[in-house]
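When reading the values below, keep in mind they use all heavy atoms of this one structure, side chains included, and skip hydrogens, waters and symmetry mates. Computed from a predicted structure; not experimentally measured. Chain A is the first sequence line, chain B the second, and so forth, proteins listed ahead of strands; every chain is numbered from 1.
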Amino acid sequence: SAFKSLNADAKLTAENMKGPLRDVRRALLEADVSLPVVRRFIKKVEERALGLEVLEGVTPQVQFVKIVSDELVQLMGAEGSKDLNPGQPQVILMAGLQGVGKTTACGKLAAFLKKRRKSVLMVATDVYRPAAIDQLVKLGSKVDVPVFELGTAVSPVEIARQGVAKAKAEGIDVVIVDTAGRLQVDENLMAELQNIKAAVHPTDTLLVVDAMTGQEAASLVKTFNDQVDLSGAILTKMDGDSRGGAALSVREVSGKPIKFVGTGEKMDALEPFYPERMAQRILGMGDMLTLYEK
Amino acid sequence: FVGKLALSVVGSSALSAADLAPALEDMKRRLMERNVAEEIAAQVVDSVAHSLEGQKLSSFTGVGQFVRRAFEDSLSGILNKRQVDVLHDIKRARARGKPYVVVFCGVNGVGKSTNLAKIAYWLGQHGCKVQLAACDTFRAGAVEQLKTHAMRLGVPLYERGYEKDPAKVAAEAIRVAQRDGRDVVLVDTAGRMQDNEPLMRALSNLISLNQPELVLFVGEALVGNDAVDQLVKFNRSLADLAPGAAAGGPAKRQVIDGIVLTKFDTIDDKVGAALSMVYASGAPVMFVGCGQTYVDLKKLNVRSVVNSLLK
Ligand SMILES: Nc1nc2c(ncn2[C@@H]2O[C@H](COP(=O)(O)OP(=O)(O)OP(=O)(O)O)[C@@H](O)[C@H]2O)c(=O)[nH]1
Ligand SMILES: Nc1nc2c(ncn2[C@@H]2O[C@H](COP(=O)(O)OP(=O)(O)OP(=O)(O)O)[C@@H](O)[C@H]2O)c(=O)[nH]1
Ligand SMILES: [Mg+2]
Ligand SMILES: [Mg+2]
């Protein structure tokens, strides 16, 4: 891949890093990392690497790769996966643009939590999309988790409030609130989301982001985070070919971690998010790290 | 960037590659900022560079205009593809007494079903008798979603519930439409990732069995570099995976005839996916979805897209 041009110099210098930095930049752009995020990232790597004495027995190439991948992992929230926030009940509010995979993620998360022996209730507040409630109800029966719904004539805020109240009354461990897809610039729907949040005090507010998202990712993450103060994100459709650079934008722009990734349409296709794996995928550099570990 | 270019060509009569490099690099960045895929941006810039090299500038002050116009021409050329005249073709099919069949395909969640419904509405406005076919027999709620649209639009829907073979459901739907004298059948299909071979094979099968007049690829304007891969692989699968394709194949080689570009309202000025998709497939953008209601359907405004790309 990208890091051929460093030779056996003893030091990383502005001069000998130029080529490799350009390669990293291209890799990030091909992976759909937003341009401003790329710019800041390259600057950071350059600063960290400049003048760093290359370790005995390690080529500058390997040293450079190590810095890049460390910095990427750092940017995505340090090594290891992040769990949901605790609470009794845990209330998880899902948010995001249209069609990203929120409703599907509700079902998957419900299945995931059931495996942890938690009792779960899903709440259907999407009163806009045709058959959105049917979809959640069907997924609920697939994973054997009840769904609270009041049809499409009641306001989403009210449905959410009643759903969470019911869960509390029945001593249920986790409530997952599905919401309609919305545009970050749609003032009415963003206000509605704020009102839902105020009504149910979620322990987690998760932005669901499609891994195929291009340059719009940074601005949508920023707006959602500014308006509803996210606690994290779910990155969906990772079973596709896209490198998922949106992951980098999520963390860099919002400071919030990605907690799960979706890897398919089935209800068991949900995994914890590992920044170190994502870093490799974004750079397309599986071999590079094994090279370093030797 | 005009400034940079102007400086570098002072005193020279013809533009050299070195003169153009910084300006072109700038242009590439600009395209990528507008969400054109990296690979496509690079190819477009290369071809413009090629056309500019060695060209003479008549006057010093004309440089900016000169380069910009070259990009305008190139981008408009890419985006202005020959369009299928759907309404005209439907009329001809009607005269033959056969329904005109349109298949919608694409990756998950991009807006296939919603924009199918918008197009049904648009066709109805133009006096066409439409029928929908619910051939997403997989995703939870997909059939009910289409049922709701059919009811709201007042058009018939053919559905057989879930877990049926979509290719067969489509064939039955077309038969029913012909019997009932419908002009058009709009076939909804399940979303699928372009590298999921079994699902791509199933789509090829549906298409080669039913020989639709029009195959529309639905892609969302939000998509980044994956746009190229999606179009290339959908096209290739339709051509290669169809039963009999290897043996030369009986019927015409199926490819994507047109693009439905959706969620155009979600991307502000980052309109680059339009360019990536057309460039990667050679197919025209036939409809642009710009919202969630039936009237949120437009034609591509090439000039405005080009302006956004070069702004
Ligand atoms: N391949 C793949 N498909 C997914 C994944 N997650 C969701 N999908 C599919 O993406 C499509 C959209 O998913 P939904 O859950 O309906 O998305 P949503 O965000 O609820 O959509 P709206 O409610 O309309 O905003 C469906 O076809 C899902 O099956 C994933 O991880 N991989
Ligand atoms: N903002 C906006 N949303 C859209 C547009 N087109 C579709 N949507 C929304 O995107 C979401 C997904 O749309 P669908 O039509 O269900 O997408 P699909 O491709 O059929 O999805 P699957 O069948 O699950 O693969 C829904 O919430 C739609 O309302 C559009 O042009 N603009
Ligand atoms: Mg939904
Ligand atoms: Mg659909």
Side-chain angles (χ1 to χ4, degrees), chain A residues 25-36 38-39 97-104 107 128-142 180-186 210-217 219-220 236-246 262 264-265 267, chain B residues 28-30 32-39 41-42 107-114 117 138-152 162 190-196 199 219-227 229-230 233 262-263 265-268 270 272-273 276 291-292:
Chain A
R25 185 171 171 280
R26 160 141 355 110
L28 296 177
L29 288 172
E30 282 173 355
D32 294 317
V33 182
S34 300
L35 244 114
V38 173
R39 241 171 256 146
L97 293 187
Q98 294 91 348
V100 290
K102 295 175 297 298
T103 306
T104 309
Y128 309 105
R129 170 172 166 171
I133 297 174
D134 291 309
Q135 184 186 4
L136 193 68
V137 167
K138 281 211 154 75
L139 294 177
S141 74
K142 228 176 239 177
R182 65 201 71 221
L183 228 60
Q184 74 271 21
V185 292
D186 185 327
D210 185 325
M212 292 176 279
T213 313
Q215 291 291 320
E216 188 63 20
S219 93
L220 86 90
T236 60
K237 308 186 194 174
M238 285 284 284
D239 49 324
D241 255 355
S242 65
R243 302 247 290 278
E265 296 190 71
M267 288 298 100
Chain B
K28 185 178 162 198
R29 179 189 51 80
R30 193 177 297 236
M32 284 185 334
E33 260 171 7
R34 298 286 185 271
N35 201 32
V36 176
E38 203 270 348
E39 175 188 346
V107 303
N108 303 91
V110 290
K112 292 175 293 300
S113 311
T114 306
F138 174 75
R139 204 210 72 216
V143 176
E144 288 78 4
Q145 183 183 7
L146 227 53
K147 227 182 247 172
T148 309
H149 282 305
M151 203 183 62
R152 286 185 189 166
Y162 294 89
R192 67 201 76 216
M193 292 292 164
Q194 67 271 24
D195 44 4
N196 185 325
L199 292 183
E220 57 174 34
L222 280 158
V223 67
N225 283 267
D226 201 50
D229 199 55
Q230 285 177 19
K233 289 196 175 143
T262 64
K263 308 191 191 173
D265 53 321
T266 66
I267 42 137
D268 197 18
K270 300 187 191 69
S276 306
Q292 295 177 275

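The residue among B:Gln230, B:Arg152, B:Arg29, B:Glu39 with the most heavy atom pairs within less than 4.5 Å of chain A is B:Arg29. Taking chain B as the reference chain and counting heavy-atom pairs below 4.5 Å, the highest number among A:Lys142, A:Met212, A:Arg26, A:Gln184 is found for A:Met212. In terms of heavy-atom pairs under 4.5 angstrom with chain B, the leader among A:Lys237, A:Glu216, A:Arg129 is A:Glu216. Taking A:Asp241, A:Leu29, A:Leu183 one by one and counting their heavy-atom pairs under 4.5 Å with chain B, the maximum is reached by A:Asp241.
Judged by distance alone, the side chain of A:Asp32 and the main-chain N or O of B:Asn225 form a donor-acceptor pair under 3.5 Å. Checking side-chain atoms of B:Asn35 against main-chain N and O of B:Val223 turns up a donor-acceptor pair under 3.5 Å. B:Lys263 contributes no side-chain N or O that, together with a main-chain N or O of A:Leu97, makes up a donor-acceptor pair within less than 3.5 Å.
For B:Val143, no part lies near chain A; criterion is any non-hydrogen pair under 4.5 Å. Both the backbone and the side chain of B:Glu144 have a heavy atom closer than 4.5 Å to some heavy atom of chain A. With a 4.5 Å cut-off on non-hydrogen atoms, B:Asn108 touches chain A through its backbone and its side chain both. B:Lys147 does not touch chain A: none of its heavy atoms, backbone or side chain, sits under 4.5 Å away. For chain B, the nearby part of A:Glu265 is the side chain; its heavy atoms alone come within less than 4.5 Å. Neither the backbone nor the side chain of A:Leu136 comes within contact range of chain B; no heavy atoms are under 4.5 Å apart. A:Asp239 touches chain B through backbone and side chain together, each having a heavy atom under 4.5 Å away. With a 4.5 Å cut-off on non-hydrogen atoms, B:Asp265 touches chain A through its backbone and its side chain both.
Within the 4.5 Å cutoff, side-chain heavy atoms of A:Lys138 are placed close to those of B:Tyr162.
Using modelled atom types and a 3.5 Å distance limit, the side chains of B:Gln194 and B:Asp229 yield a donor-acceptor pair. No side-chain N or O of B:Thr148 forms a donor-acceptor pair with one of B:Gln145 less than 3.5 Å apart. Remark: the A:Gln98 side chain and the B:Gln292 side chain contain an N/O donor-acceptor pair separated by less than 3.5 Å.
The shortest non-hydrogen separation linking A:Ala211 to A:Ser242 is O-OG, 3.5 Å.
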